[in-house]
Undergrad: 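One structure, as C-alpha coordinates, below. Some questions next.
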Amino acid sequence: MDAINFVHEQLSEKKDFPAFRPGDNVVVSYRIVEGDKQRIQDFRGDVIQMKGHEGTRTFTVRKVSNGIGVERIFPYSSPNIVGVKVLKRGKVRRAKLYYLRDLVGKKARIKERKRISN
Amino acid sequence: MNGLLGKKIGMTSIFDDAGKNIACTVVEAGPCVVTQVKTEETDGYNALQIGYGEAKEKNTSQALRGHFEKASTTPKRKLVEFRDFDIEKAIGDVIKVDEVFTEGDLVSAVGTSKGKGFQGVVKRHNFRGVNDATHGQHNRQRAPGSIGAASYPARVFKGMRMAGQDGNRRVKVQNLQVLKVFPDKNLILVKGAIPGHKGSYVILEK
(Lines give C-alpha, C1' and ligand atoms only; values in the text may rest on other atoms or scores of the structure.)
Protein backbone atom coordinates (compact mmCIF):
# COMPACT_ATOMS: atom_id res chain seq x y z
CA MET A 1 0.00 0.00 0.00
CA ASP A 2 2.83 2.37 0.87
CA ALA A 3 4.30 1.82 -2.55
CA ILE A 4 1.01 2.65 -4.24
CA ASN A 5 0.66 5.83 -2.17
CA PHE A 6 4.18 6.73 -3.19
CA VAL A 7 3.28 6.31 -6.87
CA HIS A 8 0.34 8.67 -6.49
CA GLU A 9 2.43 11.19 -4.60
CA GLN A 10 4.79 11.26 -7.54
CA LEU A 11 2.36 11.15 -10.43
CA SER A 12 -1.07 12.37 -9.37
CA GLU A 13 -1.85 16.03 -9.67
CA LYS A 14 -2.50 17.75 -6.35
CA LYS A 15 -5.90 19.39 -6.43
CA ASP A 16 -6.78 22.43 -4.32
CA PHE A 17 -10.54 22.27 -4.69
CA PRO A 18 -12.56 23.72 -1.83
CA ALA A 19 -13.67 20.99 0.57
CA PHE A 20 -17.02 19.55 -0.41
CA ARG A 21 -18.98 16.51 0.64
CA PRO A 22 -22.10 14.56 -0.30
CA GLY A 23 -25.15 16.82 -0.26
CA ASP A 24 -23.32 19.90 -1.47
CA ASN A 25 -24.38 21.70 -4.62
CA VAL A 26 -21.35 22.19 -6.84
CA VAL A 27 -20.28 23.35 -10.28
CA VAL A 28 -17.61 21.18 -11.89
CA SER A 29 -15.68 22.75 -14.75
CA TYR A 30 -14.54 20.04 -17.10
CA ARG A 31 -12.22 20.42 -20.05
CA ILE A 32 -13.48 18.80 -23.23
CA VAL A 33 -11.06 18.18 -26.08
CA GLU A 34 -12.55 17.91 -29.55
CA GLY A 35 -9.89 17.32 -32.14
CA ASP A 36 -7.55 20.26 -31.69
CA LYS A 37 -10.15 22.51 -30.09
CA GLN A 38 -10.95 22.50 -26.44
CA ARG A 39 -13.60 24.11 -24.31
CA ILE A 40 -14.72 24.14 -20.72
CA GLN A 41 -18.10 22.74 -19.80
CA ASP A 42 -19.80 23.34 -16.48
CA PHE A 43 -21.81 20.64 -14.78
CA ARG A 44 -23.92 21.80 -11.86
CA GLY A 45 -25.61 19.43 -9.44
CA ASP A 46 -25.60 17.77 -6.05
CA VAL A 47 -22.75 15.54 -4.95
CA ILE A 48 -24.37 12.21 -4.13
CA GLN A 49 -21.31 10.14 -3.38
CA MET A 50 -17.56 10.27 -2.90
CA LYS A 51 -15.50 7.13 -2.94
CA GLY A 52 -11.97 5.81 -3.19
CA HIS A 53 -8.84 7.41 -1.86
CA GLU A 54 -5.66 9.04 -3.09
CA GLY A 55 -5.36 9.19 -6.84
CA THR A 56 -8.29 6.92 -7.58
CA ARG A 57 -10.92 9.02 -5.75
CA THR A 58 -14.15 9.74 -7.59
CA PHE A 59 -17.33 11.68 -6.89
CA THR A 60 -20.75 11.60 -8.51
CA VAL A 61 -22.74 14.71 -9.31
CA ARG A 62 -26.48 14.45 -9.98
CA LYS A 63 -28.74 16.99 -11.54
CA VAL A 64 -32.22 16.95 -13.01
CA SER A 65 -32.20 18.25 -16.55
CA ASN A 66 -35.56 18.80 -18.24
CA GLY A 67 -37.15 16.36 -15.85
CA ILE A 68 -34.57 13.67 -16.52
CA GLY A 69 -32.04 12.75 -13.86
CA VAL A 70 -28.44 12.98 -15.08
CA GLU A 71 -25.48 11.68 -13.13
CA ARG A 72 -21.84 12.10 -13.87
CA ILE A 73 -18.89 10.44 -12.19
CA PHE A 74 -15.76 12.58 -12.00
CA PRO A 75 -12.31 11.25 -11.10
CA TYR A 76 -11.07 13.64 -8.41
CA SER A 77 -7.51 13.87 -9.71
CA SER A 78 -8.35 13.99 -13.40
CA PRO A 79 -6.30 16.67 -15.16
CA ASN A 80 -9.42 17.55 -17.14
CA ILE A 81 -11.22 18.93 -14.11
CA VAL A 82 -10.36 22.60 -14.15
CA GLY A 83 -12.16 23.57 -10.98
CA VAL A 84 -14.92 22.86 -8.51
CA LYS A 85 -17.06 25.59 -6.99
CA VAL A 86 -19.32 24.97 -3.99
CA LEU A 87 -22.59 26.86 -4.28
CA LYS A 88 -24.55 25.44 -1.36
CA ARG A 89 -23.70 23.17 1.52
CA GLY A 90 -26.30 20.50 2.12
CA LYS A 91 -27.53 18.98 5.36
CA VAL A 92 -27.72 15.24 4.87
CA ARG A 93 -27.51 12.22 7.17
CA ARG A 94 -25.93 9.74 4.81
CA ALA A 95 -22.66 9.45 2.90
CA LYS A 96 -24.31 8.04 -0.23
CA LEU A 97 -27.46 9.81 -1.33
CA TYR A 98 -28.76 7.16 -3.71
CA TYR A 99 -32.26 7.65 -2.28
CA LEU A 100 -32.49 10.89 -4.24
CA ARG A 101 -32.82 8.84 -7.42
CA ASP A 102 -36.23 7.65 -6.31
CA LEU A 103 -37.48 11.08 -5.32
CA VAL A 104 -38.90 13.73 -7.63
CA GLY A 105 -39.89 17.35 -7.33
CA LYS A 106 -39.87 19.07 -3.97
CA LYS A 107 -39.02 15.85 -2.13
CA ALA A 108 -35.70 15.63 -3.95
CA ARG A 109 -34.47 18.87 -2.44
CA ILE A 110 -31.59 18.91 0.01
CA LYS A 111 -31.83 21.17 3.08
CA GLU A 112 -29.12 23.76 3.34
CA ARG A 113 -26.54 23.49 6.09
CA LYS A 114 -26.49 26.84 7.84
CA ARG A 115 -23.94 26.16 10.53
CA ILE A 116 -20.67 25.23 8.92
CA SER A 117 -18.51 23.31 11.35
CA ASN A 118 -15.49 22.64 9.20
CA MET B 1 17.02 -11.55 -22.96
CA ASN B 2 17.17 -9.08 -20.10
CA GLY B 3 14.92 -9.21 -17.11
CA LEU B 4 14.41 -8.96 -13.41
CA LEU B 5 12.61 -10.71 -10.60
CA GLY B 6 10.09 -8.77 -8.59
CA LYS B 7 7.07 -8.75 -6.39
CA LYS B 8 3.59 -7.62 -7.38
CA ILE B 9 2.53 -4.80 -5.07
CA GLY B 10 -0.95 -4.11 -6.43
CA MET B 11 -2.94 -2.24 -9.00
CA THR B 12 -4.03 1.37 -9.29
CA SER B 13 -4.69 3.90 -12.02
CA ILE B 14 -3.00 7.08 -13.15
CA PHE B 15 -3.77 9.77 -15.71
CA ASP B 16 -1.69 10.14 -18.86
CA ASP B 17 -0.91 13.41 -20.64
CA ALA B 18 -4.12 13.24 -22.64
CA GLY B 19 -6.13 13.00 -19.44
CA LYS B 20 -6.94 9.34 -19.94
CA ASN B 21 -7.21 7.12 -16.90
CA ILE B 22 -4.88 4.13 -17.27
CA ALA B 23 -5.01 0.99 -15.14
CA CYS B 24 -1.54 -0.11 -14.12
CA THR B 25 0.29 -2.52 -11.83
CA VAL B 26 2.96 -1.52 -9.35
CA VAL B 27 5.82 -4.01 -9.16
CA GLU B 28 8.79 -3.94 -6.83
CA ALA B 29 11.50 -5.12 -9.21
CA GLY B 30 14.84 -6.01 -7.74
CA PRO B 31 17.40 -5.27 -6.59
CA CYS B 32 18.50 -8.71 -7.75
CA VAL B 33 21.83 -10.38 -7.04
CA VAL B 34 23.75 -12.27 -9.69
CA THR B 35 24.23 -15.75 -8.23
CA GLN B 36 25.85 -17.44 -11.20
CA VAL B 37 27.30 -16.50 -14.55
CA LYS B 38 27.05 -19.21 -17.18
CA THR B 39 29.31 -19.04 -20.19
CA GLU B 40 29.69 -20.83 -23.49
CA GLU B 41 32.90 -22.58 -22.36
CA THR B 42 31.70 -23.93 -19.03
CA ASP B 43 27.98 -24.48 -19.57
CA GLY B 44 27.47 -24.52 -23.32
CA TYR B 45 25.45 -21.30 -23.36
CA ASN B 46 25.54 -17.76 -21.97
CA ALA B 47 23.19 -16.90 -19.15
CA LEU B 48 22.87 -14.98 -15.92
CA GLN B 49 21.24 -16.48 -12.86
CA ILE B 50 19.75 -13.92 -10.51
CA GLY B 51 18.13 -14.17 -7.09
CA TYR B 52 15.53 -12.08 -5.31
CA GLY B 53 13.62 -12.09 -2.02
CA GLU B 54 15.14 -12.81 1.37
CA ALA B 55 14.91 -16.41 2.62
CA LYS B 56 15.65 -17.71 6.08
CA GLU B 57 18.89 -19.59 6.37
CA LYS B 58 17.23 -22.50 8.20
CA ASN B 59 14.83 -22.96 5.29
CA THR B 60 17.64 -23.09 2.74
CA SER B 61 19.23 -26.38 1.88
CA GLN B 62 22.89 -26.93 2.55
CA ALA B 63 23.55 -27.13 -1.20
CA LEU B 64 21.88 -23.79 -1.90
CA ARG B 65 23.60 -22.17 1.07
CA GLY B 66 26.90 -23.03 -0.54
CA HIS B 67 25.63 -21.66 -3.85
CA PHE B 68 24.72 -18.32 -2.27
CA GLU B 69 27.97 -18.20 -0.35
CA LYS B 70 29.86 -18.36 -3.64
CA ALA B 71 28.09 -15.18 -4.68
CA SER B 72 28.76 -13.84 -1.15
CA THR B 73 25.10 -13.00 -0.58
CA THR B 74 22.29 -13.98 1.78
CA PRO B 75 19.93 -16.85 0.84
CA LYS B 76 17.25 -15.86 -1.67
CA ARG B 77 13.71 -17.11 -2.17
CA LYS B 78 13.66 -17.13 -5.94
CA LEU B 79 16.26 -17.88 -8.55
CA VAL B 80 15.79 -17.38 -12.24
CA GLU B 81 18.00 -17.61 -15.28
CA PHE B 82 18.08 -15.24 -18.24
CA ARG B 83 19.83 -16.36 -21.40
CA ASP B 84 22.12 -13.91 -23.21
CA PHE B 85 21.84 -11.06 -20.72
CA ASP B 86 23.05 -7.90 -22.49
CA ILE B 87 24.46 -6.16 -19.42
CA GLU B 88 27.91 -7.32 -18.32
CA LYS B 89 27.68 -8.54 -14.74
CA ALA B 90 29.95 -10.56 -12.48
CA ILE B 91 28.91 -12.99 -9.79
CA GLY B 92 27.68 -11.17 -6.66
CA ASP B 93 26.79 -7.96 -8.52
CA VAL B 94 23.48 -6.22 -7.85
CA ILE B 95 21.12 -5.34 -10.70
CA LYS B 96 18.67 -2.47 -10.19
CA VAL B 97 15.50 -1.60 -12.10
CA ASP B 98 16.80 1.41 -13.99
CA GLU B 99 19.69 -0.62 -15.44
CA VAL B 100 17.29 -2.97 -17.19
CA PHE B 101 14.07 -1.06 -17.86
CA THR B 102 13.33 2.41 -19.12
CA GLU B 103 10.06 4.21 -19.68
CA GLY B 104 8.21 3.08 -22.79
CA ASP B 105 9.75 -0.40 -22.97
CA LEU B 106 7.53 -3.33 -23.81
CA VAL B 107 7.95 -6.12 -21.29
CA SER B 108 6.52 -9.55 -20.58
CA ALA B 109 5.39 -10.49 -17.10
CA VAL B 110 5.45 -14.09 -15.89
CA GLY B 111 3.67 -15.05 -12.73
CA THR B 112 1.56 -17.70 -11.05
CA SER B 113 -2.10 -16.93 -11.61
CA LYS B 114 -4.57 -16.80 -8.75
CA GLY B 115 -5.81 -20.29 -7.87
CA LYS B 116 -9.51 -20.83 -8.44
CA GLY B 117 -9.72 -24.42 -7.20
CA PHE B 118 -11.74 -27.13 -8.96
CA GLN B 119 -13.96 -25.31 -11.45
CA GLY B 120 -16.57 -26.34 -13.97
CA VAL B 121 -16.27 -25.85 -17.71
CA VAL B 122 -18.16 -22.55 -17.80
CA LYS B 123 -15.58 -20.75 -15.67
CA ARG B 124 -12.56 -22.82 -16.72
CA HIS B 125 -13.00 -22.99 -20.50
CA ASN B 126 -15.60 -20.30 -21.10
CA PHE B 127 -18.23 -22.82 -22.23
CA ARG B 128 -21.59 -21.22 -22.65
CA GLY B 129 -23.63 -23.70 -20.62
CA VAL B 130 -27.28 -24.12 -21.42
CA ASN B 131 -28.90 -20.77 -21.93
CA ASP B 132 -32.43 -21.97 -21.22
CA ALA B 133 -33.86 -22.48 -17.79
CA THR B 134 -37.01 -24.04 -19.20
CA HIS B 135 -37.71 -26.35 -22.20
CA GLY B 136 -36.97 -29.48 -20.23
CA GLN B 137 -33.78 -28.27 -18.56
CA HIS B 138 -33.21 -29.45 -15.05
CA ASN B 139 -29.90 -28.92 -13.24
CA ARG B 140 -28.05 -28.86 -16.61
CA GLN B 141 -27.39 -25.15 -16.89
CA ARG B 142 -23.62 -25.26 -16.45
CA ALA B 143 -23.08 -28.79 -17.78
CA PRO B 144 -20.43 -29.43 -20.49
CA GLY B 145 -22.76 -31.33 -22.87
CA SER B 146 -21.50 -34.14 -25.06
CA ILE B 147 -17.86 -35.17 -24.71
CA GLY B 148 -17.74 -37.35 -27.79
CA ALA B 149 -19.36 -40.08 -29.89
CA ALA B 150 -20.40 -43.52 -28.62
CA SER B 151 -19.20 -46.98 -29.75
CA TYR B 152 -16.72 -45.50 -32.13
CA PRO B 153 -14.22 -44.30 -30.83
CA ALA B 154 -15.56 -45.73 -27.58
CA ARG B 155 -13.30 -43.46 -25.58
CA VAL B 156 -12.87 -39.81 -24.74
CA PHE B 157 -10.16 -38.06 -26.72
CA LYS B 158 -7.12 -36.82 -24.86
CA GLY B 159 -7.16 -33.13 -24.04
CA MET B 160 -10.97 -32.94 -23.91
CA ARG B 161 -11.82 -29.78 -22.05
CA MET B 162 -13.52 -30.74 -18.81
CA ALA B 163 -13.87 -29.52 -15.24
CA GLY B 164 -10.76 -29.43 -13.07
CA GLN B 165 -8.20 -27.25 -11.35
CA ASP B 166 -8.32 -23.68 -12.60
CA GLY B 167 -5.68 -21.03 -12.06
CA ASN B 168 -2.53 -21.41 -9.96
CA ARG B 169 -0.37 -22.04 -13.01
CA ARG B 170 2.40 -20.18 -14.79
CA VAL B 171 1.01 -17.42 -17.00
CA LYS B 172 2.89 -15.01 -19.22
CA VAL B 173 1.45 -11.69 -20.37
CA GLN B 174 3.31 -10.08 -23.26
CA ASN B 175 3.78 -6.53 -24.51
CA LEU B 176 3.05 -4.57 -21.36
CA GLN B 177 4.23 -1.00 -21.56
CA VAL B 178 6.47 0.41 -18.84
CA LEU B 179 4.87 3.67 -17.72
CA LYS B 180 7.35 4.76 -15.10
CA VAL B 181 10.45 3.59 -13.25
CA PHE B 182 11.27 4.73 -9.71
CA PRO B 183 14.90 3.69 -9.13
CA ASP B 184 15.15 4.87 -5.49
CA LYS B 185 12.22 2.74 -4.41
CA ASN B 186 12.94 -0.11 -6.86
CA LEU B 187 9.44 0.32 -8.25
CA ILE B 188 8.20 -0.05 -11.79
CA LEU B 189 4.80 0.89 -13.14
CA VAL B 190 3.45 -1.39 -15.86
CA LYS B 191 0.35 -0.72 -17.94
CA GLY B 192 -2.37 -3.32 -17.49
CA ALA B 193 -2.68 -6.36 -15.27
CA ILE B 194 -0.11 -8.93 -14.23
CA PRO B 195 -0.98 -12.52 -13.24
CA GLY B 196 -0.97 -13.45 -9.57
CA HIS B 197 -2.05 -12.08 -6.24
CA LYS B 198 -0.47 -9.20 -4.36
CA GLY B 199 2.92 -10.13 -2.98
CA SER B 200 3.48 -12.91 -5.52
CA TYR B 201 6.72 -13.16 -7.42
CA VAL B 202 6.83 -12.03 -11.02
CA ILE B 203 9.48 -12.26 -13.70
CA LEU B 204 9.72 -9.20 -15.91
CA GLU B 205 11.46 -9.80 -19.23
CA LYS B 206 12.43 -7.46 -21.98
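Numbers restart at 1 for each chain; the letters A, B, ... are given by sequence-line order, proteins then strands.
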Undergrad: Non-hydrogen atoms of chain A under 4.5 Å away: do they reach the side chain of K20(B), the backbone, both or neither?
TA: neither
Undergrad: Rounded to the nearest 0.5 Å, how far does CG of D184(B) lie from CZ of F6(A)?
TA: 6.5 Å
Undergrad: Could you tell me which non-hydrogen atom of P75(A) sits nearest to which non-hydrogen atom of F15(B), and how far apart they are?
TA: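 In terms of heavy atoms, the two residues are closest at CB-CZ, 3.4 Å.
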Undergrad: Counting only heavy atoms from other residues, nucleotides and ligands, does the tally under 6.0 Å from CZ of R77(B) exceed 12?
TA: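 Count not over threshold, so no.
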Undergrad: With rounding to the nearest 0.5 Å, note down the distance linking CD1 in I9(B) to CG in D2(A).
TA: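 I9(B) CD1 to D2(A) CG: 9.5 Å, rounded to 0.5 Å.
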Undergrad: When you look at NZ of K78(B), are more than 12 heavy atoms from neighbouring residues, nucleotides or ligands closer to it than 6.0 Å?
TA: no
Undergrad: Which heavy atom of A18(B) sits nearest to which heavy atom of N80(A), and what is that distance?
TA: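 Nearest heavy atoms, A18(B) then N80(A): O-ND2, 4.2 Å.
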Undergrad: Does atom CZ of R72(A) have more than 12 heavy-atom neighbours from other groups under 6.0 Å away?
TA: yes
Undergrad: Please step through side chain to side chain contact (heavy atoms under 4.5 Å, CB included) for the pair I4(A) and M11(B), ending with a clear verdict.
TA: CA-CA 8 Å; I4(A) 290 178; M11(B) 290 194 70; over 6 Å; no
Undergrad: Answer yes or no: does atom NZ of K91(A) have more than 12 heavy-atom neighbours from other residues, nucleotides or ligands under 6.0 Å?
TA: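 12 or below, so no.
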Undergrad: Could you pull out all residues at least two apart from F68(B) that satisfy ring-ring contact (aromatic ring centres under 6.0 Å, His included)?
TA: none
Undergrad: Go through the structure and list residues passing ring-ring contact (aromatic ring centres under 6.0 Å, His included) with F59(A), not counting sequence neighbours.
TA: F20(A), F74(A)
Undergrad: Show the nearest heavy-atom pair for residues G19(B) and P79(A), with the distance to one decimal.
TA: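 G19(B) and P79(A) have their closest heavy atoms at CA-CG, 3.7 Å.
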